[in-house]
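Shown next, in structure tokens, is the structure this report addresses.
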There are 2 protein chains.
Amino acid sequence: MVLDGSLEPGARLRETEYSNRLGIARHTFRAATQILIGEGLLRRSPNRGVQLAVLDSDDITDIFRLRAALELEAVRLVIEAGTELPDAEHAVEQLNNLPESASWRSVVDADMAFHRAIIDGAGSERLARAYDSVQSEILLCMAQLRPHYDKPSQVARVHRELLEPLAKGDLELAEKRFRAHLDKATENLTDALKAQEEVAAGHPGDILPQSAVA
Amino acid sequence: MVLDGSLEPGARLRETEYSNRLGIARHTFRAATQILIGEGLLRRSPNRGVQLAVLDSDDITDIFRLRAALELEAVRLVIEAGTELPDAEHAVEQLNNLPESASWRSVVDADMAFHRAIIDGAGSERLARAYDSVQSEILLCMAQLRPHYDKPSQVARVHRELLEPLAKGDLELAEKRFRAHLDKATENLTDALKAQEEVAAGHPGDILPQSAVA
DNA sequence: TATCGTCGAATTGTGGAACAATCTACCAGC
DNA sequence: GCTGGTAGATTGTTCCACAATTCGACGATA
């Protein structure tokens, strides 16, 4: 529910309400929320329960800053070790084979799989764990903002260009391209956020449900 | 208890035992462990409860790899923004003022404070959160391994050398020095681990309590 | 009318008991 | 010695209870 956009950003998750709705005990619900809090998807304030995280443009910048740090370290490790990345190449292939009319979701999935493959290629358990957390937040962003996506072929091309310097072992170029790519993504998301805020401007203090901006 | 070395690495934390000992309910203990699991200090296997993490030399390398990624990104951000780091300088000063006979703990604290100050200086909430997690693991390492530490004046000197390129805005030199420093720390810890394992070799499969190696 | 304080309801945080599912250790039998 | 089963321990979850805190409505006062 948190990640599929069916909850409004900032929504308060009352324990009795949600434990009843999900058919689980209140304790169990609390345990579940605790895990999500650890992943940064929910926030808890003492005696005031948990809320779905609200992401402003600073948060987006921040998420992608950490994402950049992690991915670039992964890139460094992959190049140093000369690791092959079949999963990443597979993801590019998949993007390339998607029809222009492909669903938003399938493009996002392939995109995510590509970046995930690079992290996994680095072979660092903790890098991967930290990336789990940012990836969750990115998914939350995506679910809430539904940013613009280029055509699959375009996305495929960009990602192939990311992979190129990795295969050649050119760290400097790889770093440059990844930073550019991630900066672009940040821009896309902040733009989407700005657009959403403008739509919501007519209802000050009110946050539109997903359906209103999709 | 997890961080002060009073628990053996790999120790299983039985719910009834510890909730009784701590005078809290089993539910409350479970909630507490869930938080520590999120920080990577405890591990949970389904139906087998939680254990204190056991860190082998691969884990140490891995922890410091992530640490390096985070600190270097922080360094980058600090240099880009030209941020002043009074807390870091204060930590160096503190190290410098410590007597040669200073307690192990006080050196560790000042060392930690120095690196923390750089992370905080970057002004990224999520970088700081990710660093919290590795810092906890580092503390766990330290508590379990008690690695060798140089004299405070020596430690102060090394850290002043880290700060230097930050003030001058020399990213390349900063990166080089930080990597060298962190690689050295990794080596220290893996050496300490190896030494501990050799001591424990007489008791195969057995892990010595802290007191036996301190 | 607007602001403030008070009180009651709702909600969270924690405790306690219970029970099914699972794991562990021990024991008997082959 | 290995296998299978059985009993006890442990975890995961549920239900109920209650103190502490917060939220919200109401009414008093300026």
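Below, chains carry the letters A, B, ... as their sequence lines are ordered, and counting in each starts from 1. For the numbers below, each heavy atom of this structure counts, side chains included, while hydrogens, waters and symmetry mates do not.
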Check this for me, if you would: do K194(A) and E197(A) make a salt bridge, where the nitrogen-to-carboxylate-oxygen distance has to be below 4.0 angstrom? no

Are R21(A) and Y18(A) in a cation-pi setup, meaning NZ or CZ lies under 6.0 angstrom from the ring centre and within 45 degrees of the ring axis? yes

All N/O contacts under 3.5 Å from nucleotides 5-10 of chain D to the protein, with atom names and distances to one decimal?
unit_1	atom_1	unit_2	atom_2	d
dT10(D)	O3'	R12(B)	NH2	3.4

Full working for side chain to side chain contact (heavy atoms under 4.5 Å, CB included) between L22(B) and M1(B): CA-CA 11 Å; L22(B) 300 170; M1(B) 288 172 67; 4.2 Å; yes

Please list every donor-acceptor pair under 3.5 Å in which a side-chain atom of residues 38-50 of chain B meets a protein atom from a residue at least two apart or in another chain.
unit_1	atom_1	unit_2	atom_2	d
E39(B)	OE1	S136(B)	OG	3.4
R44(B)	NH1	Q34(B)	OE1	3.1

Checking side chain to side chain contact (heavy atoms under 4.5 Å, CB included) for the pair L70(B)/L70(A): CA distance, chi angles, key distance, verdict? CA-CA 8 Å; L70(B) 299 177; L70(A) 298 177; 4.3 Å; yes

Strictly below 4.0 Å, N to O, side chains only: are R116(A) and D132(A) in salt-bridge contact? yes

Could you give the side-chain donor-acceptor pairs of residues 178-190 of chain B under 3.5 Å, partners two or more places apart or in another chain?
unit_1	atom_1	unit_2	atom_2	d
H181(B)	NE2	H115(B)	NE2	3.4
T186(B)	OG1	L182(B)	O	2.7
T190(B)	OG1	T186(B)	O	2.9
T190(B)	OG1	E187(B)	O	2.9

Within this structure, what is the CG-to-P distance between L22(A) and dT14(D), rounded to whole angstrom? 11 Å

Would I138(A) and R67(A) count as a side chain to side chain contact (heavy atoms under 4.5 Å, CB included) if you check the C-alpha gap in whole Å, the side-chain angles of each, and the deciding distance to 0.1 Å? CA-CA 9 Å; I138(A) 292 166; R67(A) 177 179 176 179; 3.4 Å; yes

For R30(B), is there an ion pair with E15(B) - N to carboxylate O distance below 4.0 angstrom? yes

Mind checking what makes salt bridge (Lys or Arg N to Asp or Glu O under 4.0 Å) contact with E125(A), not counting sequence neighbours? R129(A)

Residues in residues 25-43 of chain A with a heavy atom under 4.0 Å of DNA chain D, by number, are A25(A), R26(A), H27(A), T28(A)

On DNA chain C, reading 5' to 3', which nucleotide is the first and which the last to sit with an atom under 4.0 Å from a heavy atom of chain B, could you check? dT14(C) to dT24(C)

